[in-house]
Amino acid sequence: MSKPFFPHTLVGVLAFSFAAFTSAHADSVSVAVAANFTAPMQKIAAQFEQDTGHKAELSFGATGKFYAQIKNGAPFGILLAADHATPEKIAKEGLGNDASRFTYAIGQLVLWSKQAGYVDADGKVLQKTDWQHIAIANPKLAPYGAAAMQTLDKLGLASQVQARIVQGENIGQTYQFAASGNAELGFVALSQVTENGQLREGSGWVVPAALHDTIRQDAIVLKPGEGNAAAAALMQYLKGDKARAVIKSYGYSF
């Protein structure tokens, strides 16, 4: 006498088989991520692993520092830069695949203070003399730092505030200076202080785009990532609706 057929048993077997197949074919990729993109990329990486089975191993830092590491043979598979010039240079130097390069986000610079009501809607606080320090990322390494200096130049305030600048190695450290109160003001990435279109705390002035070069952030597959299934999948995933919804929620545009 044959045993009764239970559909749920077959479903369980198929689910197990699919999970085993996914696990067997999953890959991982090491991703160098610009510090300003830390929060959105952590969310995206978790969604990416859940949706594809592939794993993105994330390192955060200054784009300029990552470039030096890549030149010296660091085994990153993908670079998510804070600018477009670095991936372009990487492609020209044969360190990455130029065909893979695309703009994953356009960043926004914000003058921010941890204190509510401290930064006015027009950034006029910059002209005051009652604050001691302003945090700015190293303009030689971090595109947001370069944008901050361009902004001060355009406003005619660069020489006036120079002595009060506290320089962060990258935009992550710059944010820490401002968030800790060691600097009353900081030029940081809008993504670091907002979520879903709202400031999480403090006060800020979103710097008009006309005051600095466009912060076009490009991604590129590096030589160690060529032929890596996870690298290809992640680059495609970053162009998808799920990832773009996260990116937009942190104040970036496309």
Worksheet item: Heavy atoms, side chains only, cut-off 4.5 Å: are Ile44 and Ile247 in contact?
Response: yes
Fill in: Main-chain N/O of Asn36 paired with Ser191 side-chain donor or acceptor, under 3.5 Å
yes
Worksheet item: Has the side chain of Arg200 got a donor or acceptor atom that lies under 3.5 Å from a matching backbone atom of Glu195?
Response: no
Discussion item. Do Ile78 and Leu238 sit in one hydrophobic cluster, given that two such residues count as connected whenever their side-chain heavy atoms are within less than 4.5 Å of each other, even indirectly?
Written reply: yes
Item to complete: Side-chain contact test, heavy atoms from C-beta onward, threshold under 4.5 Å: evaluate it for Met149 versus Ile165 and give yes or no.
Response: yes
Worksheet item: Would you say Thr38 and Val33 make side-chain contact, with heavy atoms under 4.5 Å?
Response: no
Worksheet item: Which heavy atom of Leu80 sits nearest a heavy atom of Met41, and at what distance?
Response: CD1-SD, 3.6 Å
Worksheet item: Which one of Tyr250, Phe60, Tyr104 satisfies the ring pair (Phe, Tyr, Trp, His ring centres under 6.0 Å) criterion with Phe37?
Response: Tyr104
Worksheet item: Can you list the steps and then say if Gln150 with Asp213 is a side-chain hydrogen bond (donor to acceptor under 3.5 Å, both in side chains)?
Response: CA-CA 8 Å; Gln150 288 168 1; Asp213 292 343; 3.1 Å; yes
Worksheet item: Can any side-chain N or O of Asp120 pair as donor or acceptor with the backbone N or O of Lys124 at less than 3.5 Å?
Response: yes
Worksheet item: Taking C-beta and beyond as the side chain, do Gln69 and Phe76 meet within less than 4.5 Å on heavy atoms?
Response: yes
Discussion item. For the backbone of Gln115 and the side chain of Ser203, can you confirm whether one donor and one acceptor N or O come within less than 3.5 Å of each other?
Written reply: yes
Fill in: Phe102 six-ring centre to Lys239 NZ/CZ under 6.0 Å and within 45° of normal
yes
Worksheet item: Counting only N and O atoms by type, is there a donor-acceptor contact under 3.5 Å from the side chain of Thr214 to the main-chain atoms of Arg216?
Response: no
Worksheet item: Step by step, would you call Asp83 with Ile215 a side chain to side chain contact (heavy atoms under 4.5 Å, CB included)?
Response: CA-CA 6 Å; Asp83 65 357; Ile215 306 172; over 6 Å; no
Worksheet item: Do you know which two heavy atoms are closest between Gln167 and Pro139, and how far apart they sit?
Response: NE2-CD, 3.7 Å
Fill in: Side chain proximity check, Leu222 to Ile70, heavy atoms < 4.5 angstrom
yes
Fill in: Same apolar cluster (I L V M F W Y, side chains within < 4.5 Å links), Leu152/Val166
no
Worksheet item: Are any of the side-chain heavy atoms of Leu157 and Gln127 separated by less than 4.5 Å?
Response: yes
Discussion item. I want to check something: taking the side chain as every heavy atom from C-beta on, are Leu109 and Leu190 in contact at a cut-off of under 4.5 Å?
Written reply: no
Discussion item. Quick check: do Arg101 and Glu88 have side-chain heavy atoms less than 4.5 Å from each other?
Written reply: yes
Fill in: Exercise: identify the closest heavy-atom pair between Gly251 and Gln108
O-NE2, 2.9 Å
Worksheet item: Does the Gln173 side chain pair with the main chain of Glu169, one donor and one acceptor, at a distance under 3.5 Å?
Response: yes
Worksheet item: Nearest 0.5 Å, what's the CD1-CD1 distance between Ile171 and Ile136?
Response: 9.5 Å
Discussion item. Could you report the tightest heavy-atom contact between Ala189 and Tyr144, atom names first, then the distance?
Written reply: CB-CE2, 3.5 Å
Worksheet item: Is there a donor-acceptor pair closer than 3.5 Å between any side-chain N or O of Glu93 and the backbone N or O of Ile90?
Response: no
Item to complete: Could you tell me whether Asp241 and Arg244 make a salt bridge, using a distance below 4.0 angstrom between a side-chain N and a carboxylate O?
Response: no
Worksheet entry | His54 side chain to Asp27 backbone, donor-acceptor under 3.5 Å | yes
Worksheet item: So, Lys55 side chain and Phe48 main chain: donor-acceptor pair closer than 3.5 Å or not?
Response: no
Practice prompt. List the steps and the verdict of ring pair (Phe, Tyr, Trp, His ring centres under 6.0 Å) for Phe187 and Trp112.
Written response: CA-CA 6 Å; Phe187 275 112; Trp112 180 76; over 10 Å; no
Discussion item. Which heavy atom of Ala45 sits nearest to which heavy atom of Leu58, and what is that distance?
Written reply: CB-CD1, 3.8 Å
Discussion item. Looking at Asn97, is its backbone amide N or carbonyl O close enough to the side chain of Ser100 to form a donor-acceptor pair, meaning the two atoms are under 3.5 Å apart?
Written reply: yes
Discussion item. Closer than 4.0 angstrom, basic N to acidic O: yes or no for Lys114 and Glu184?
Written reply: no
Discussion item. On a heavy-atom basis, which atom in Ser113 and which in Val119 lie closest, and how many Å separate them?
Written reply: CB-CG2, 3.6 Å
Worksheet item: Quick one: do the Thr103 and Asp218 side chains pair a donor with an acceptor below 3.5 Å?
Response: yes
Discussion item. What verdict does the side chain to side chain contact (heavy atoms under 4.5 Å, CB included) test give for Ile106 and Tyr252, after you've listed the backbone C-alpha separation in whole Å, the side-chain angles of each residue and the deciding distance to 0.1 Å?
Written reply: CA-CA 6 Å; Ile106 294 173; Tyr252 294 96; over 6 Å; no
